[in-house]
Peer 1: 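Below are the structure tokens for one structure; questions will follow.
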Number of protein chains: 2
Amino acid sequence: MLEPTGVLPQQAWRLSTETRSWPDEVLVDVEVLNLDAASYRQLREQHGDPDAVRRAVLDIITERGKLHNPVTGSGGMLLGAVREVGPESPLGLRPGDRIATLVSLTLTPLRIDDGLARWSGASEQIPCRGTAVLFGRSIAAVLPDDLPDELALSVLDVCGAPALTDRVVREAGTGDQGGPSVLVLGGGGKSGSLSLAAARRAGAGRLVALVPTRAEADAVRAAGLADEVVLADARDPVAVAAAVGARADVTVVCVDVPGCEHGAILATVDGGTIVFFSMATSFSAAALGAEGLAADVRMLIGNGYVPGHATFALDLLRSTPGVRDLFERRERQTSPT
Amino acid sequence: MLEPTGVLPQQAWRLSTETRSWPDEVLVDVEVLNLDAASYRQLREQHGDPDAVRRAVLDIITERGKLHNPVTGSGGMLLGAVREVGPESPLGLRPGDRIATLVSLTLTPLRIDDGLARWSGASEQIPCRGTAVLFGRSIAAVLPDDLPDELALSVLDVCGAPALTDRVVREAGTGDQGGPSVLVLGGGGKSGSLSLAAARRAGAGRLVALVPTRAEADAVRAAGLADEVVLADARDPVAVAAAVGARADVTVVCVDVPGCEHGAILATVDGGTIVFFSMATSFSAAALGAEGLAADVRMLIGNGYVPGHATFALDLLRSTPGVRDLFERRERQTSPT
């Protein structure tokens, strides 16, 4: 990495994108980049029209040597084919393997060779040609044969959320009658719908999805992912608390807009747990909000890595038709026309 | 609150500071404001000389109706005397009580009447005259008789840290031989030294303090708060990992500068827990850093509220002479000369 020296790649402002790899590195021919939802939303809001979004993404990659949104601090992931494997790489990959990276693009050296010419700027998935480098400590999943690439990529992008939700719900469940109640803010999105499915499988009791629109509520209901689907703006704490009613033992925040911390806190019982997966989460808003409300809640930073998370998420998608329906519905909506 | 409507006070840009209180509110005559460490450091770095810091703090309070640093998102707390108690206030306070607020100044309506004329800008504690409003859901502690005000205020400012450290170390300790190993980054500071004392009392095994300077290392050693005191810049992940050696079961981050997330992650065992108390913590740096390092660590947002935290912290200070020594040493260093 280049600037500043002595920090790890995610902290670095700019990465070196030399394509001669170290012995433990893997070179990847990039096929698709997948922007994380918070980053894509921020770029769209800042730049407006799709063409400006496209230029902004290209500028970020050119300037920083990685796709690292300077405002949200987040990146996304990529899909590609392994070109070269260093002799000391521990990742178990072979040239030709088609893979998705499971570490953030914020720490993946990346060079784009086609100016993102094939991308309209109107979707989170960016078809492109370029080169990326995986480090020894990276993680990548070989793409499954039985799912379309875009679908697999969408699932792998958020696969940390269902795996950690599974763990937290199981921990909260010990000794409870009927399992802990679970609330998912943003239950209609990618990480949200997978988290609902994971919570149900982990033995959740009352399972509530909160969504922002009637259309999304209908879709989540049709998918059968929750016991109750409620409508509210997740940024309005009072509205969230009113919509949810009885507070949840576990609240999972999957809304990709800023300002959802206090609603999550108000909607969670004392002694309960909140898991923040949204990259739009503010550390200080969460810490000081809980303090200010005298709320004795355990608040977890949603770590995107849990051992086995890729397999777990893909399996949830395969075994929960409702989740797959929501993913495919979402793809149809965000695909360029 | 004024702007925008429909959010809770901490999220609001600006609070109303009308001094006619609601039935469940308490009016307080302010004597001292205590800036949180991250905020004071940021203001000093941005504005340089103490007089400019003083003006910046006054401008924030005048503009926002509260002491809410727009860069760090944090505030601090205050010491004052209760002037008026609304008939429906649940806080159990009486007019004349001398109190410290235990909710952040980021959600406390505040008006300053003396232009901060008695403060030099060169310390975190700001003697002043003004009025603050406590809401029904606030928390305030009546000041103890046996400790100087400034000392009590300093302890109460960070009292969430030792209480949550106590809980986390006890949870981590079940079934372990000799107790979980605990690392405190910034072990020489206020929250750091209290967290060390709390960890020891909670049954920590190997207890390591990491500090940035030789002088601070000597002070922590003299105070007898840790089994090992190591020197490193907490922002340098590789240096942190090297200095700490064997990774910790529990890592407590009390360093008030940005960029300490990755060092904490590298220094913690898989399956271990990190508690971030520093308001300078970046949510995305922590989440994506752990993912990028494939580190299966549980990361907690340090909630400033734990039931009984004020009494617990004051008691730790009274019963641990080394902690009191460090607090008093720190006061001597930061007091205006």
Side-chain angles (χ1 to χ4, degrees), chain A residues 6-11 38 72-75 102-104 106-108 135 137-139 160 164 167 233 235-239 259 261-263 265-266 270 274 276-307, chain B residues 6-11 38 72-75 102-104 106-108 135 137-139 160 164 167 233 235-239 259 261-263 265-266 270 274 276-307:
Chain A
V7 300
L8 296 184
Q10 201 252 325
Q11 288 170 292
T72 60
S74 60
L102 300 183
V103 295
S104 170
T106 60
L107 39 72
T108 303
F135 301 118
R137 221 179 147 162
S138 296
I139 319 173
L164 188 52
R167 183 187 284 179
D233 182 338
R235 294 166 298 188
D236 180 340
V238 178
E261 299 85 2
H262 295 181
I265 293 164
L266 277 184
D270 266 23
I274 302 170
F276 290 101
F277 284 114
S278 166
M279 282 302 140
T281 303
S282 157
F283 181 89
S284 57
L288 298 177
E291 181 188 292
L293 294 164
D296 182 19
V297 288
R298 188 170 70 139
M299 296 185 289
L300 294 176
I301 296 172
N303 181 348
Y305 177 69
V306 176
Chain B
V7 300
L8 296 183
Q10 201 253 326
Q11 287 171 291
T72 60
S74 60
L102 299 183
V103 296
S104 171
T106 60
L107 38 72
T108 304
F135 301 118
R137 223 180 146 162
S138 296
I139 319 173
L164 188 52
R167 183 187 284 179
D233 182 338
R235 294 165 298 187
D236 181 340
V238 177
E261 299 86 0
H262 295 180
I265 293 165
L266 278 185
D270 266 22
I274 303 170
F276 291 101
F277 285 113
S278 166
M279 281 303 140
T281 303
S282 157
F283 181 89
S284 57
L288 299 176
E291 181 188 293
L293 294 164
D296 182 18
V297 288
R298 187 171 70 140
M299 298 185 288
L300 294 176
I301 296 173
N303 182 349
Y305 176 69
V306 176

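Because only heavy atoms are used, hydrogens play no part in the values below, and waters and symmetry mates are left out as well, while side chains stay in. Reminder, nothing fancy here: chain letters follow the sequence lines and each chain counts from 1.
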Peer 1: Under 4.5 Å heavy-atom distance to chain A, tell me which part of L102(B) shows up: side chain, backbone, both or neither.
Peer 2: backbone
Peer 1: Shorter than 4.5 Å, heavy atoms on both sides: which option in S282(A), S284(A), G160(A) has the most such pairs with chain B?
Peer 2: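 Heavy-atom pair counts peak at S284(A).
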Peer 1: Look at A280(A), A294(A), G302(A) and state which one has the largest set of heavy-atom pairs under 4.5 Å with chain B.
Peer 2: A294(A)
Peer 1: Just so I understand: if I count every heavy-atom pair under 4.5 Å between each of A286(B), G289(B), A290(B), A239(B) and chain A, which residue has the most?
Peer 2: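 When all of A286(B), G289(B), A290(B), A239(B) are compared, A290(B) has the most.
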Peer 1: I need the minimum non-hydrogen distance between A287(A) and M279(B), along with the two atoms involved.
Peer 2: CB-CE, 3.6 Å
Peer 1: When only pairs under 4.5 Å are counted, which of A295(B), P307(B), G259(B) shares the most heavy-atom pairs with chain A?
Peer 2: A295(B)
Peer 1: So, using side-chain contact (heavy atoms from CB on, under 4.5 Å) as the criterion, who are the partners of T106(B) when residues are at least two apart?
Peer 2: L288(A), Q10(B), H68(B), S104(B)
Peer 1: Heavy atoms, side chains only, cut-off 4.5 Å: are D296(A) and R167(B) in contact?
Peer 2: yes
Peer 1: I need the I301(A) CD1 to I274(B) CD1 distance, nearest 0.5 Å.
Peer 2: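 I301(A) atom CD1 to I274(B) atom CD1 measures 8.5 Å (nearest 0.5 Å).
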Peer 1: So which heavy atom on F276(A) is nearest to which on F283(B), and how close?
Peer 2: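 Nearest pair, atom of F276(A) first, then F283(B): O-CZ, 3.2 Å.
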Peer 1: Is any side-chain heavy atom of L300(A) less than 4.5 Å from a side-chain heavy atom of L300(B)?
Peer 2: yes
Peer 1: Would you say N303(A)'s side chain and V297(B)'s backbone share a donor-acceptor pair under 3.5 angstrom?
Peer 2: yes
Peer 1: So what's closer than 4.5 Å to chain A heavy atoms on S278(B): side chain, backbone, both or neither?
Peer 2: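 Answer is backbone: N, CA, C or O of S278(B) sit under 4.5 Å from chain A.
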